[in-house]
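Remember, it's a predicted structure, so these values are computed and weren't measured experimentally. Nothing fancy with the numbering, it's 1 onward along the sequence.
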Amino acid sequence: MNTGIRPHFCQPSTAADLTVGTDSQLAEQLQSSHQRERAAMSSLDDASPVRVSADCALQSPAEHITQVITQGAQNHFTEVIDVTSAGMKSLSFVRQVLAACLCPQLLTDHSLPQDVRLRAQCLLDACDGGSVGSYSPSAGITHVRQSITDFITTRDAGVPSYSKDIFICVGSQGALMLLVKLLARGEGQTRTGVLTPVPCSPTLPLLLDAAGVKLLPYQLTEERGWATEVDELRRALTAARSHCEPRAIYISNPGNPTGHVQDRTSIEEVIEFAADQGLVLLADEVYQDSVYGPHAHFISYKKVLFEMDPELSQTVQLVSFHSLSSGCMRECGLRAGYMEAINLDPDVMHYFDVMLCFDISAPITGQLALDLMVRPPKPGEPSYDTYTQEILLTKATLSQNAQRAWQVLNDLPGMSCQPAMGGIYLYPRLHLPPEIIEQAKVLQVEADVLFCQMLLQEEGVLVGTGCHRDGDPRRHHLRLCVLVPADALEEALARLRSFQLRLMGRFPHANKGVKDKHRETAMSVNLREPPRGKHI
């Protein structure tokens, strides 16, 4: 297999360097900053170009506004509220065990629960030299890989898992990058392509670019709760085969950032499609612990596959991903995740190990946190009650926030939002005035990027952009994280409401005839029983 990497990057794109000011200054600041941005790009002609996500580019003006406020600038808001990522407190058990691993003197500190100290000692014994400062085997610490296999076997009601199929990497993105690099080969019409949902995680297109593979977009059906339609998969595959070689299909379940959750029939349809077309199935299941919809529950692709015809369960190549970025753990910064590879050629599995030897292994602290994620305290252990209460609080906050935000967004003019069944995001649609869309064209930015810049400037709320280079250019969205403290979300929603009412008040004609239609669609998806073969 040709695993050579042929990066294909695009020119950088950064957002405006905004300062806090009045409404009348906004257009001037946006215009001048984008002019500076374009002028600065000429100095990068001799450098390797790299694509920068709009979300990353919004961080700089957000930090600048915070700095200006700290220096005493007068404004009607006193802080920037960031709802682009999770902002809940970490789990006590996880941090206590990691603290004892980092500082072994705590192993004799009886202020820590006994099960915390015992687990820390067990994990240190699994590390070379009994230290978190050591290296690990290329595929990860053997003890942790076994814990992961036990977790998967229990989760999937006895479907066996084996540690030889588990590879621990620097987050699920690191695992996905490793796999995509193995798939990458060819140029032009023989270049590898990966069927990818639109919308998807904002980092996924960047990853595929870096790996040198072609992103092949298939559209999720927004009006059906972001359903995955097999007819759309076939359309995307047929269109792609004229200019590249599709070799894999990527699925996010629960959906990031859409919040959809697939039922068994929908999963079976995707598996059968992958089997019929000879595609490797890549299943991102990072938010499997964050399902809260009234009719939804998580079923892994592996479990469904092994309950189908043996001809499929023994031949379909499936790679699933999980990581510390899950809704309940929220330990993204520890940078550890894993993949489980099913039905891949043994030589390919060996090559995974070889490639990992040349890559940076996942941090030891992250690997130990993975063990804590898949092997939490048991009933009767000292930390069990506190751990359970914290998990229940996280899930309750996530569910209540998602419902609250959905209601507020659907009540606003110029917005509509499908309900989320899982994950940590809502993905509302913007029905923008033509004037805003035209202004975005003048500034050479996507319309939803301009909306996010204006919202940040006027109300101090940082939300994720919904722009996708392969999406419908007539549709504009936001990405809103709801795994934040309830009071922070309420304040963010209040500011968003103030901004949206003010914006739509300037263009009262823009929302005529669209609001009731889209709100009715969203309500029907939320209240009806899920259609067979679609998302719950």
Exercise. Are Ser172 and His322 close enough that a side-chain donor and a side-chain acceptor fall under 3.5 Å?
Worked result: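 No donor-acceptor contact under 3.5 Å links the two side chains.
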
Exercise. Under 3.5 Å, is there a donor-acceptor pair linking the side chains of Glu79 and Thr66?
Worked result: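 Side-chain D/A pair, Glu79 to Thr66: absent.
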
Would you say that [X] contacts [Y] through its side chain, given a criterion of any heavy-atom pair below 4.5 Å between the two side chains?
X	Y	result
Asp128	Tyr135	no
Met373	Ser326	yes
Leu58	Leu462	yes
Ile271	Val316	yes
Lys302	Val159	yes

Exercise. What's the verdict on salt bridge (Lys or Arg N to Asp or Glu O under 4.0 Å) for Glu222 and Arg475, showing C-alpha distance, side-chain angles and the deciding distance?
Worked result: CA-CA 11 Å; Glu222 182 172 5; Arg475 296 195 177 210; 2.7 Å; yes

Problem set entry | Derivation of the salt bridge (Lys or Arg N to Asp or Glu O under 4.0 Å) call for Lys395 and Glu390 | CA-CA 9 Å; Lys395 292 185 175 182; Glu390 291 177 347; over 6 Å; no

For this session: Could you please spell out the steps behind the salt bridge (Lys or Arg N to Asp or Glu O under 4.0 Å) verdict for Arg95 and Glu331?
Result: CA-CA 10 Å; Arg95 289 303 180 92; Glu331 294 288 3; 2.9 Å; yes

Exercise. Just wondering, are more than 12 heavy atoms of other shown residues or ligands nearer than 6.0 Å to CZ in Arg497?
Worked result: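 No, not enclosed.
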
Exercise. Going through the checks in order, is the salt bridge (Lys or Arg N to Asp or Glu O under 4.0 Å) test met by Arg119 and Asp371?
Worked result: CA-CA 10 Å; Arg119 178 66 76 87; Asp371 190 272; 3.3 Å; yes

Return the minimal non-hydrogen interatomic distance between [X] and [Y], and the atom names on each side.
X	Y	value
Cys452	Gly464	SG-O, 3.9 Å
Val484	Asn401	O-ND2, 2.8 Å
Met88	Leu483	CG-O, 3.6 Å

Exercise. Is the gap between the ring centers of Phe321 and Tyr301 under 6.0 Å?
Worked result: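 No.
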
Problem set entry | Plane angle bin for Tyr425 and Tyr287 - parallel if under 30°, tilted between 30 and 60°, otherwise perpendicular |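 Rings of Tyr287 and Tyr425: perpendicular, as their planes differ by over 60°.
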
